[in-house]
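Structure first, then comments.
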Amino acid sequence: MNTSIKLSLDTRRMIQNGCFPIILRLTHFRKTTSIKTGHYVPEEYWDHQRCKVKRNFPDVDSVHLMNTLLLKKQLKAQEVINKLADNNQLDKLTAKDIADKIVNRKRLSSFYEFGLQKVEELIQEKRIGTARNYSGIIGRLKVFTSGRDLKFNELNLEFLKRFERYHLSNPDNSINGIASYMRTIKAIYNKGIKEGMVDESLYPFKHYVIRTKPTEKRAIKLESIKKILEMETKVGSRYFHYRNYFILSYLMLGMSFIDMAFLRRDNIIDGRVKFQRRKTGKRYDIVITDQIKPIIKYYMDYPNPSGFYYL
């Protein structure tokens, strides 16, 4: 057979943390191409003669498991080659054609391209905050991968752990920060599974635990609240509106500014404020108390032409 495939370390492409990608090197009629496995090691931990990771590699829980997974990838690739040979198709294909059949290009779809597509959809749905989160994590991942593309099959458990270590290597970063990034990655990946971009069997969050730490609760002092409530402002000035926004948020169960910004006259029904949170979709039904009533009345008497109250 004029076709062979073996595990190899691609020492031409070092990534940011000094590791090199482990690849399947396919040779077909003296033409070669490579297939990414999604695993990376420093060259000092790669056994070039035995084509496997050395036992003393410290960055994984089990080197034996890692080598087993790599060997399975090689065996599956060999199975594809054998079937092509049995069907008399092998000699008619180029090395790239064979590589495409081995990896099933659908599973190698770009995580970045898919994520940015979701960003566009979120913007159209007016979900700007979530769109910003998606765009932000893609930007951070691009820095981590030195700008190279990231395929769904490369975003595995090992990659998540390396990204976590990279984030926490900066003393200014926190556990809760990486947790936020991982939740966003997980959300995009879940969408990829639902849309058939990647097989569910490759899901990296089966074994990755998103850790968090309790944050210190912060509360505005009562004296400061009293100062705001007693603050004298010129009607219609920006400080007049700022004070109103704060009072409304405080008295209406901590209503977020985005929910206030999207309130319309239609949300005032029978002496109550009825609305749906834009972030969670949860519905609220809040009575208009005597403290809230004069603020609501002002914006009812002087409505914004847009139909919204506070813009």
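- The pair Lys118-Glu121 meets the salt-bridge criterion, since a charged nitrogen lies less than 4.0 angstrom from a carboxylate oxygen.
- A salt bridge links Asp100 to Lys96: at least one charged side-chain nitrogen sits closer than 4.0 Å to a carboxylate oxygen.
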Derivation of the ring-ring contact (aromatic ring centres under 6.0 Å, His included) call for Tyr298 and Phe240: CA-CA 11 Å; Tyr298 172 83; Phe240 170 81; 5.0 Å; yes
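- His241 and Tyr299 share a donor-acceptor pair across their side chains, judged by distance under 3.5 Å alone.
- Aromatic ring orientation, Phe152 versus Phe114: perpendicular (interplanar angle above 60°, classes split at 30° and 60°).
- Between Phe111 and Tyr189, the ring planes lie tilted relative to each other; the angle falls in the 30° to 60° range.
- Under the 4.0 Å criterion applied to side-chain N and carboxylate O atoms, Arg277 and Asp259 are assigned as salt-bridge partners.
- At a threshold of 4.0 Å, the pair Glu154-Arg148 counts as salt-bridged, since one of the basic side-chain nitrogens sits closer than that to a carboxylate oxygen.
- Trp46 places a side-chain heavy atom less than 4.5 Å from the side chain of Leu7.
- Under the 4.5 Å side-chain heavy-atom criterion for grouping Ile, Leu, Val, Met, Phe, Trp and Tyr, Tyr250 is connected to Ile220 within one hydrophobic cluster.
- Ring planes of Tyr245 and Tyr242: tilted class, angle from 30 to 60°.
- Side-chain contact of Arg140 with Tyr181: a donor-acceptor pair under 3.5 Å is present, judged by distance alone.
- Asp270 CG: 12 or fewer foreign heavy atoms inside a 6.0 Å radius.
- At least one side-chain heavy atom of Val287 sits less than 4.5 Å from a side-chain heavy atom of Arg272.
- Residues Lys36 and Asp149 are not paired through a salt bridge, judged by the lack of any N-O separation under 4.0 Å between the basic side chain and the carboxylate.
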